[in-house]
Amino acid sequence: MESLIQKFNAVPDKLAVDKCVIIAAEKLIEAVKFLKENSFDVLIDIVGIDYLGMENHNAPRFAVIYCLKSTKNMERLRLKVQIDEGETISTLSEIYPIADWQEREVWDLFGIVFENHRNLKRLLNHVEFEGHPLRKDYPAKKRQWLTENDKMQDQLEARLETLGYKVVSH
Amino acid sequence: MQNEMPGFFAGKLNELVSWGRSHSLWPFPYGTACCAIEFMSTESARYDLSRMGSEYVRFTPRQADVLAVSGTITFKQAPILKRIYEQMAEPKWVISMGACACSGGFYDCYCTVPGIDCIIPVDIYIGGCPSRPEAFFDAMIELQEKIKNESYMQERKKKLKEQWENLKWKA
Ligand code: SF4
């Protein structure tokens with residue numbers, strides 16, 4: 001954690017009770033690569049937070065939190081990236097493949113865009129869902145008429161092709 | 001005397017069928033959330049639902065009589081639940097277990113069905129978050145009472161009448 005603070009200008013998060021540092025969005029990729037080399041081998045979760053309407057909050061509206069774990073030292077660490085509406089974060093799916101789905105979830109629920117993500121579409125909601133339901137300004141009582149589920153054909157075909165099958169379209 | 005004979009026989013058959021049905025209710029566990037854990041404990045040795053005649057939990061709707069919906073049903077789940085209900089053979093009953101299945105519970109949000117009775121008919125509701133196994137037993141006994149009061153012959157009569165009307169309409 002100390003080396004993170006020195007190397008990447010990270011700031012310890014005052015709100016947190018565990019090990020958590022706030023880091024700039026541009027430094028994220030480098031920092032995560034550095035951490036992965038230093039035994040943080042599991043990306044447990046990616047969490048979004050919407051601070052809209054929170055009292056005494058004078059930071060950007062959204063925060064994305066990366067929960068990392070080291071299975072060697074049994075250590076946990078969280079990286080917090082603060083971004084505003086309309087800003088983007090670069091994807092981690094090259095470093096941790098699991099980030100692919102976790103970022104899709106965060107995009108689905110909060111509308112935070114991950115740059116260079118190869119398949120940024122809804123994970124939990126129906127494909128035709130409008131809006132991002134965990135944003136604080138999404139009306140809690142709003143209901144939508146949804147009928148279409150995600151077909152997932154594209155993912156299936158991509159997976160088959162990586163396994164060495166040839167997908168024949170008709 | 002001759003006229004009374006069928007009536008006498010039908011009455012007894014009715015009771016026999018209702019008795020048989022009410023003591024061999026095979027549940028289909030549609031467990032989606034925490035209530036399903038409570039349903040498991042209802043099923044297993046400590047509480048032992050088989051004492052009520054619900055001997056087997058069937059994981060295919062074709063062989064089940066009671067659909068025990070325990071847990072939160074989201075809008076994405078809803079079509080699956082409806083299809084499973086439709087796949088069950090008649091006669092079928094539905095028990096809605098827990099606040100979530102009955103009314104959506106505290107999930108008043110974008111993704112939760114506000115009660116499964118929006119999509120399928122429900123016979124017995126059980127409250128609680130989660131419902132205690134005792135409550136499930138109570139619901140089972142109530143369902144058995146309900147089944148005992150149902151008339152197999154009346155149902156049959158209604159069905160035959162419907163079929164007859166259909167035939168007449170076609171001809
Ligand atoms: S009623 Fe309570 S225990 Fe049951 S599924 Fe809902 S939240 Fe879980």
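None of these values were measured; they are calculated from a predicted model. Order of the sequence lines fixes the chain letters, A, B, ..., with proteins taken first and strands second; residue numbering starts at 1 for each chain.
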Counting heavy atoms not belonging to Lys146(B), are there more than 12 under 6.0 Å from its NZ?
-> yes

Out of His126(A), Gln144(A), Lys142(A), which one racks up the most heavy-atom pairs below 4.5 Å with chain B?
-> His126(A)

Asn125(A) vs Tyr110(B), side-chain contact (heavy atoms from CB on, under 4.5 Å): CA-CA, chis, key distance, verdict | CA-CA 10 Å; Asn125(A) 287 308; Tyr110(B) 64 97; 3.4 Å; yes

Flag if over 12 foreign heavy atoms under 6.0 Å of CD, Glu157(A) = yes

Other residues, nucleotides, ligands: >12 heavy atoms within 6.0 Å of Arg122(A) CZ = yes

Give the cluster check for Ile22(A) versus Val64(A): same hydrophobic cluster or not, with ILVMFWY residues linked at side-chain heavy-atom distances below 4.5 Å.
-> no

Is there a donor-acceptor contact under 3.5 Å from the side chain of Arg143(A) to the main chain of Cys111(B)?
-> no

NZ/Lys76(B) to CG/Leu146(A) distance, rounded to the nearest 0.5 angstrom?
-> 9.5 Å

